[in-house]
Amino acid sequence: MLDRTELFVDGRPTAAAITVPVVDPSTGTVVGHGPVAGPADIDHAVRAARTSFEDRRWRDRTPTERAEVLRTAASLVADVRDDLTELVITQNGSVHRFAHGVQAGSAQDLLPYYAELALTHLAEEHRSDPVGTSVVVQEPIGVVATITPWNSPQRAMLLKVAPALAAGCSVVHKPAPETPLDAFVVAEALHKAGLPAGVFNVVPGGAEVGEQLVAHPDVDKVSFTGSSDVGRRILATAAGRIARVSLELGGKSPAVVLDDAPLDDTVRRLAPLAFLNTGQACVAQTRILVPRSRYETFVDAFATHVRSLTVGDPRDPATDLGPLATPAQRERVEHYVAIGRAEGARVVAGGGLPRHQTRGWFHEPTVFADVHNGMRIAREEIFGPVVCILPYDGDDARAVSIANDTPYGLSATVWGADAARAYAVARRIRAGRVGVNGATHATRAPFGGFGQSGLGRETGPEAMDLYLEPQSIAVAGVRGEQ
Ligand code: NAD
């Protein structure tokens with residue numbers, strides 16, 4: 001059994017208010033328990049973070065010293081990467097290639113990167129003009145509350161925690177109660193590496209715990225990943241004290257297939273992006289736009305490919321789709337499949353529960369054809385293995401206008417034989433991240449959303465700016481004439 005009853009507060013394990021069962025989504029059986037914070041735990045964690053920030057035990061370390069701690073922690077997490085992979089799969093059912101490649105690899109990817117960036121990005125600058133001279137310094141923003149969802153527990157956490165710690169902030173991290181265990185691996189590695197007590201605290205919990213954290217007067221900044229609805233609530237709460245907020249929210253990402261896109265190659269490369277993490281990914285390419293002249297051919301080829309995907313044991317590296325993370329997630333998917341049918345869309349692959357899976361929360365990868373952009377299944381984020389294929393008439397501009405007809409704007413892809421033409425289409429799509437022909441993005445490029453997909457950018461130097469307050473200091477007679 002995987003049993004943990006302690007939070008991590010002020011540099012040590014502390015007893016949690018309650019524990020919740022950890023259920024393996026591939027079998028539906030309870031495999032352990034994880035800790036959940038109560039109101040007193042949250043207060044304790046925020047106070048510990050505040051004290052560590054005010055007495056400057058971390059922010060006064062030089063960037064070089066901070067970098068050393070982050071690098072050492074990354075290598076400690078790397079030593080247990082396989083165990084961490086298993087922990088992620090057990091909690092949320094992510095398939096092995098996602099759990100190992102993306103989740104359990106995040107500490108190695110992001111901690112050394114921000115360690116390096118701390119050495120250059122925080123340097124003070126002198127700016128002069130005829131009016132005067134200012135020294136511009138970058139101050140850590142203060143106590144940061146990081147709140148993340150269950151679908152991407154390691155990466156969503158490290159996208160925030162790595163730049164925040166590199167910047168010199170103190171952090172209270174709240175994982176979702178569905179994934180209450182894996183963050184402690186990183187907390188323990190950071191402390192073993194020399195992070196001072198109180199600088200990084202882990203308090204898993206649900207909506208109430210999150211709300212308390214967001215409303216806490218000693219939290220200077222909230223960095224949130226999750227649904228747009230919760231993002232809106234967080235902004236409203238933070239507005240009262242003008243607390244800083246950055247948001248990574250939902251998406252309904254369009255994949256624009258141009259009339260010259262090679263059929264088989266496009267289908268083969270696009271399908272894994274549409275069903276990424278069994279569709280439980282904010283960047284899943286779930287709205288595929290295809291020219292009407294090629295529509296039926298594309299629908300047939302895509303549906304045939306999807307029917308050949310392997311649905312099953314998430315621990316098997318050959319598996320394409322695992323279970324949904326929770327029974328509620330599967331119910332949500334079934335609900336949207338029923339909505340799609342009622343709206344008149346045509347199911348061309350999947351549409352139900354896989355017959356060969358008698359346990360766990362599996363759902364067939366499902367493809368709807370004959371979808372138009374006004375349908376709920378084309379407008380609302382389903383967050384499961386359900387993809388819509390929409391026909392478009394006319395030229396590329398028409399496809400772009402349908403792609404942009406969404407409240408979201410997180411991610412998109414464009415597919416075509418002529419890379420220059422596809423790039424020109426990409427430039428007109430209102431989304432934070434656009435890939436052409438399945439190209440992999442540099443981790444160092446900014447990631448985040450236009451519109452209701454978010455506020456601010458993670459990854460790259462842009463993410464470090466989310467945890468800094470620029471300060472200008474002008475000193476008469478020392479730094480220049482005033
Ligand atoms: P959610 O918004 O319900 O929950 C996310 C986190 O917020 C959890 O830790 C949850 O406990 C907490 N929370 C819930 N209500 C809260 C409240 N009122 N105040 C403070 N915290 C609260 O999201 P979810 O359904 O668990 O996750 C899926 C969503 O996350 C999808 O919309 C998905 O697109 C989004 N997501 C976005 C990104 C991104 O980078 N843009 C990445 C992953 C997931």
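One-based numbering, in listed order, for ligands and for the atoms of each.
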Within ligand 1, which atoms have a heavy atom of Arg233 less than 4.0 Å away?
18 (N)
Identify, with sequence neighbours excluded, every residue that meets ring pair (Phe, Tyr, Trp, His ring centres under 6.0 Å) alongside Tyr113.
none
for atom 1 (P) of ligand 1, nearest protein heavy atom and its distance come out as Ser227 OG, 3.6 Å
Test of proximity, Thr225 against ligand 1: N or O pairs below 3.5 Å
no
Using the salt bridge (Lys or Arg N to Asp or Glu O under 4.0 Å) definition, which of the options Lys252, Arg287, Arg430, Arg379 pairs with Asp405?
Arg379
Closest to atom 39 (C) of ligand 1 (judged by heavy-atom distance), picking from Gly448, Cys282, Ala207
Cys282
Atom 32 (O) of ligand 1: which protein heavy atom is closest, and how many Å away?
Glu381 OE1, 2.6 Å
Could an N or O of ligand 1 be found under 3.5 Å from any N or O of Asn151, whether backbone or side chain?
no
Using the side-chain hydrogen bond (donor to acceptor under 3.5 Å, both in side chains) definition, which of the options Lys160, His173, Lys174, Lys221 pairs with Thr146?
His173
Give a yes or no on whether atom 19 (N) of ligand 1 lies under 4.0 Å from any heavy atom of the protein.
yes
If I apply the N/O under 3.5 Å rule, does Trp150 come out as touching ligand 1?
yes
The protein heavy atom nearest to atom 16 (C) of ligand 1 is Val230 CG1, 3.4 Å
Where ligand 1 meets Gly205 - atom numbers and elements under 4.0 angstrom, heavy-atom basis
11 (O)
Over all heavy atoms of both residues, which pair between Val144 and Ser223 is shortest? Give the atoms and the distance, please.
CG1-CB, 4.3 Å
Partners meeting side-chain contact (heavy atoms from CB on, under 4.5 Å) with Ala412 (sequence neighbours left out)
Pro254, Ile429, Ala431, Val434
Using a strict 4.0 Å cut-off to heavy atoms of Ile147, name the atoms of ligand 1 that fall inside it.
6 (C), 7 (O), 9 (O), 12 (C), 21 (N)
Any Gly454 heavy atom less than 4.0 Å from ligand 1:
no
Ranked by distance from atom 28 (C) of ligand 1, the top protein heavy atom is Phe383 CE2, 3.4 Å
Does any N/O atom on Leu249 come nearer than 3.5 Å to any N/O atom on ligand 1?
yes
Describe, in one word, how the ring planes of Trp150 and Phe383 are oriented to each other, choosing from parallel (under 30°), tilted (30 to 60°) and perpendicular (over 60°).
perpendicular
Which option wins on minimum heavy-atom distance to atom 9 (O) of ligand 1: Thr148, Thr146, Val209, Thr179?
Thr148
Pick from Ser453, Gly250, Ala215, Gly226: the one approaching atom 35 (C) of ligand 1 most closely through a non-hydrogen atom
Gly226
Measure the distance from atom 11 (O) of ligand 1 to every protein heavy atom, then report the residue, atom name and distance (to 0.1 Å) of the closest one.
Lys174 NZ, 3.0 Å
